[in-house]
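To start, the structure under review is shown below, and the notes come after it.
First the proteins, then the strands, lettered A, B, ... as listed; each starts at 1. Please read these numbers as outputs of a predicted model, since none were measured by experiment.
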Amino acid sequence: MRLLLVEDHERFADFVKTGLEQEGFTVDAVTTAANADAAFAAVAYDTVVLDLGLPDADGLTLLKAWRDQGSSIPVLILTARDGVDDRVKGLNAGGDDYLLKPFEMQELVARIRALLRRPGGTLGTVIEVGNIAFDTSAREVRIDDRAITISRREMGVLEHLMRRAGRVVPKDVIEDKIYGFDEEVSSNSVEVHVSRLRKRLATAKASCLVHTIRGVGYLLAVEEENESTESV
Amino acid sequence: MDNTSIPGWRIKSKDPLIALSEYRGMLDDLTRLISDWVWETDPEFRLTYVSEKIFQSLGITVDEALGKKITQFGVFRSSVGETINPDFTRPFRSLSFEGENRDGAVRHILISGVPVYDSLTGDFSGIRGISRDVTSDKAHREASEKLGYAMENYPGFFFLTDSNERFVAVNRTFRDLNHISMSDAVIGSTFEEHVRRIVNLGLVPDAEGKEEEWITYRLYLHRNPHGTFEIRRQDGQILQITEMRLDDGSTATFSTDITELKHVEDALRQSAERNRIFAMNVGHDLRMPLAVLSANIDNLEDKKTAASLRRDLDAMARSVEQLLDATKWEKPEIRHSDRVDLSKVAHDVVSELALNAIRSGRHLELRGADKPVWVSGLEEPMAIAFRNLVENAIEYVPRDTDVIVEVDKSGAVLVADMGPGIPENVREGLLNPQIRFDRRGPNSGLGLSIVQRIAEAHGTHLSIEDKEGGGTICRLEFALLK
């Protein structure tokens with residue numbers, strides 16, 4: 001898996017490169033938009049991790065140039081919180097994603113993997129979160145490598161939660177994804193599917209929990225090994 | 001012609017005695033009715049007759065006055081204030097007399113009189129005349145003279161124009177500032193002539209290149225006086241101008257030199273701006289090392305230490321972001337056209353913080369955000385405000401309790417928790433933007449002061465209430481758009 005890291009801060013780039021290499025990625029790190037463009041033209045990367053604030057150009061300008069050339073390579077944008085304007089928010093819909101600095105290495109890796117598993121991505125069709133593996137082409141769910149039986153609708157709920165693991169998936173988004181236009185949706189049917197899914201995951205000893213954020217939606221998170229301690 | 005009658009006076013009787021008595025009656029009436037007092041003296045100028053009105057002026061009765069000389073009650077003064085002894089053998093008119101009444105107060109009296117000669121012998125038999133007390137007239141005249149003097153010497157300029165916008169009065173500073181000599185006929189000229197003149201002289205830098213526009217503006221202000229405005233002069237002076245319409249339709253205009261004040265104000269503003277930029281630079285400079293640390297912590301082998309370091313690092317990162325938020329949104333400017341959907345912002349913030357809440361064992365919930373609630377405001381600062389309120393609540397409530405974000409269709413957002421509550425005496429300090437850092441908790445002080453500042457920019461404020469049954473409700477109310 002070959003990855004282009006575009007980040008002008010060299011020490012930071014070094015740490016990120018080391019972290020990604022430990023996860024099995026091959027990383028080319030460049031510090032300017034010009035070098036990034038040259039590398040991009042020379043090598044067929046699987047994904048790009050792109051910092052927005054580059055010394056010679058805005059990262060989004062670079063991304064637009066690549067898109068205009070017809071490239072559909074998944075790109076993960078790194079930005080500070082105040083760099084998140086509507087253009088950056090819009091990335092989510094276009095096959096790209098963004099991550100706020102500072103971040104945890106595992107979050108960066110998870111986001112990159114999620115991008116690579118999108119339709120057209122190069123990482124194959126198996127999404128993994130904790131000990132759950134979801135084969136999106138075979139439509140099979142395995143927990144600790146044991147296949148479990150699961151209904152089509154529950155599987156749809158699980159897929160979307162896994163694709164956005166650690167982030168809230170709004171309830172109406174899940175509704176839209178698991179029902180066709182002409183299907184009747186009863187008001188509590190998503191709750192019913194989620195509740196069944198929870199039982200199934202618990203029975204199979206999944207290391208993930210489906211959390212309800214009342215009024216918003218659901219969130220799949222890997223259970224932390226240690227009980228997180230009170231902040232001081 | 002009858003020598004006992006006075007032409008035009010209605011004396012009917014032909015009997016001289018009766019006619020005399022009628023004259024006497026008439027004289028009595030007149031002396032009673034007029035405010036002046038009437039008197040007559042003998043050849044030694046001792047009063048032989050005086051009307052009762054003398055009491056109202058000098059405070060002495062007729063009986064007390066009779067037989068005394070008028071100079072026993074005061075002195076005659078010349079127009080320049082010297083004591084004089086007038087020649088009473090000739091008619092005199094409006095001589096200034098300064099008397100003292102019983103209370104010791106000075107009375108100003110104008111005295112007119114004529115010498116009287118015996119009709120039979122032709123000998124000088126005294127004088128008679130009338131006296132008018134002008135004390136209050138004189139005080140008024142002196143007061144307005146002094147007012148005029150003060151206005152003339154007032155350090156700012158002063159001028160008065162009549163209802164036809166013609167100059168009625170101008171003071172020295174006005175002439176000096178506008179290069180008008182005493183001999184120039186400014187009185188009677190129009191205000192527009194004056195404005196055109198100072199623009200042509202180049203005294204108004206703001207008018208340069210758009211002379212007519214500025215003249216129109218200045219004339220408009222003068223025609224519609226309301227309070228104060230500022231004018232910069234070519235010599236660097238900044239004047240605050242106050243114009244007011246008076247009851248008689250005239251307009252009074254005066255200036256105060258606020259150049260010093262403006263310079264101090266500018267210096268303060270620049271200093272605040274430098275501090276803001278400094279804080280912003282510090283924030284930006286801190287971000288990168290934090291990101292480096294964060295990327296590196298995960299490479300540590302001791303996972304327990306790494307987790308503990310990450311918590312501190314997260315707190316630091318949050319403080320840095322708050323610092324940057326505080327500097328970026330020091331004074332958010334909300335325009336009329338800025339509108340925000342409260343439900344969307346609340347939804348975004350709750351989504352963003354959901355994982356934090358789960359990781360720290362608190363239950364985050366959103367209520368009332370199913371329909372858009374449009375209010376006047378800016379999305380980014382509003383999101384920062386909500387995020388700070390929710391982060392604070394998550395930080396301070398006990399584990400396994402709820403933090404509820406509620407959007408009210410009246411245009412309010414509430415963040416309710418079941419925490420220990422914020423003591424009354426601490427609340428004000430938390431909201432005070434002057435108190436930047438607080439030692440009570442890892443992040444408390446700056447967060448709520450940012451919320452308060454953003455709230456103020458939206459024309460509202462953060463209210464903190466106790467929740468029934470324990471806990472706290474933080475409430476922000478915005479202007480609902482219909």
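- Within the 4.5 angstrom heavy-atom criterion, no atom of A/E107 approaches chain B.
- Proximity to chain B is limited to the side chain of A/L219, based on heavy atoms less than 4.5 angstrom apart.
- Contacts between B/K303 and chain A at a heavy-atom distance below 4.5 Å are absent for every atom of the residue.
- B/V375 pairs in a side chain to side chain contact (heavy atoms under 4.5 Å, CB included) with only one of the listed residues (B/M382, B/H458, B/E477), which is B/M382.
- Partner of A/T212 under the side chain to side chain donor-acceptor pair (under 3.5 Å) criterion, out of A/K171, A/R198, A/E191: A/R198 alone.
- Of the two parts of B/N356, neither the backbone nor the side chain holds a non-hydrogen atom closer than 4.5 Å to a non-hydrogen atom of chain A.
- When atom types are taken as modelled, the side chain of B/N388 and the backbone of B/I384 share a donor-acceptor pair closer than 3.5 angstrom.
- The side chain to side chain contact (heavy atoms under 4.5 Å, CB included) test with A/L50 is passed by exactly one of A/L63, A/L76, A/L60: A/L63.
- Of the residues A/D46, A/V75, A/V30, the one that meets the side chain to side chain contact (heavy atoms under 4.5 Å, CB included) test with A/L4 is A/V30.
- Contacts of B/R367 with chain A are absent, with no heavy-atom separation under 4.5 Å from either backbone or side chain.
- The residue among B/H347, B/H284, B/R287, B/H363 with the most heavy atom pairs within less than 4.5 Å of chain A is B/R287.
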